[in-house]
Amino acid sequence: EADIYQTPRYLVIGTGKKITLECSQTMGHDKMYWYQQDPGMELHLIHYSYGVNSTEKGDLSSESTVSRIRTEHFPLTLESARPSHTSQYLCASSGMRTGNNYGYTFGSGTRLTVV
Amino acid sequence: SQKIEQNSEALNIQEGKTATLTCNYTNYSPAYLQWYRQDPGRGPVFLLLIRENEKEKRKERLKVTFDTTLKQSLFHITASQPADSATYLCALEDDYKLSFGAGTTVTVRA
């Protein structure tokens, strides 16, 4: 069951457009993440947040920006989309470690195509 | 630089057999190592976490080992089923951030 929701699921958009990918979680997790994944390749961390008003850039340089105004919401924005931004974007969250079941919860992803 | 390497070759096995996947890493000292399953077009799903002071962890038909001296984790799926067909990702945690390997694709034949 998905407790983390990403919209849209698929997006085809023209070059130069501004887009926002939405991510919301209902688990009250303090930590949230954005990963980028190309087909057959590993996930790369592009942004993360450890709580409200906290955002950091990840290991992979990205032209996108994020905000964290509410615990449950972590949107990603591209001011001017380019074909090089075509990829799958995955949002994830994690909370307190409990027992042996600590792990990230991922959304289903947004597949972005810039034409 | 830090690197996580998983079996680059896809794994094709007969139903009922055991699949063994390898994850090797360099230039990390992870406190935690995690394994995820990813189906095509979907986000990864958390399977197991093992701590640096644990040698082995089991969950149903899954078993993970963690050797910090060899810098290696092995992931076993016993009594495999066609529903186990997916890509399996190894991930290392550093300061609450996960870095992932490219994954190994497993196909279980009926």
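Letters go in sequence order (proteins before strands), and every chain restarts at 1.
For B/E60, the CD atom counts as loosely surrounded, since its 6.0 Å shell holds 12 or fewer non-hydrogen atoms of other residues, nucleotides or ligands. More than 12 non-hydrogen atoms from other residues, nucleotides or ligands lie less than 6.0 angstrom from NZ of A/K57.
In this structure, OH on A/Y48 lies 3.5 Å from NZ on B/K97, to the nearest 0.5 angstrom.
Of the listed residues (B/P44, B/P40, B/G43), the one with the most heavy-atom contacts under 4.5 Å to chain A is B/P44. Note: A/R9 leads A/M41, A/Q6, A/R9 in heavy-atom pairs under 4.5 Å with chain B.
Residues A/L90 and B/Q38 have side chains in contact (heavy-atom distance under 4.5 Å, counting atoms from C-beta outward).
Contacts from residues 98-105 of chain B to chain A, taken as heavy-atom pairs separated by less than 4.5 Å, involve B/L98, B/S99, B/F100, B/G101, B/A102 in sequence order.
B/L62 and B/L74 are not part of a single hydrophobic cluster, where members link through side-chain heavy atoms under 4.5 Å apart. By the criterion of side-chain heavy atoms lying less than 4.5 angstrom apart, applied directly or through intervening Ile, Leu, Val, Met, Phe, Trp or Tyr residues, A/Y35 is grouped together with A/Y50 in one hydrophobic cluster. Residues A/W34 and A/L60 fall within the same hydrophobic cluster, defined by Ile, Leu, Val, Met, Phe, Trp and Tyr side chains chained together at heavy-atom separations under 4.5 Å. Following chains of ILVMFWY side-chain contacts shorter than 4.5 Å, one can reach B/L49 starting from B/Y96, so the two form part of one hydrophobic cluster.
Through direct or relayed side-chain contacts under 4.5 Å between Ile, Leu, Val, Met, Phe, Trp and Tyr, A/V115 connects to A/V12. Residue B/V45 shares its hydrophobic cluster (ILVMFWY side chains chained together at separations under 4.5 Å) with no other residue.
Contacts between A/L43 and chain B at a heavy-atom distance below 4.5 Å involve backbone atoms as well as side-chain atoms. When heavy atoms are compared at a cutoff of 4.5 Å, B/L89 approaches chain A solely by way of its side chain, counted from C-beta outward. For a residue to count as touching a neighbouring chain, one of its non-hydrogen atoms must lie under 4.5 Å from one of that chain's; by this rule B/Q6 does not touch chain A.
Partners of B/E52 under the side-chain hydrogen bond (donor to acceptor under 3.5 Å, both in side chains) rule, at least two apart in sequence or in another chain, do not exist in this structure.
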>> Please determine whether side-chain contact (heavy atoms from CB on, under 4.5 Å) holds for the pair A/Y104 and B/F46, giving the CA-CA distance in whole Å, both sets of side-chain angles, and the decisive distance to 0.1 Å.
In response: CA-CA 6 Å; A/Y104 283 23; B/F46 171 70; 6.0 Å; no
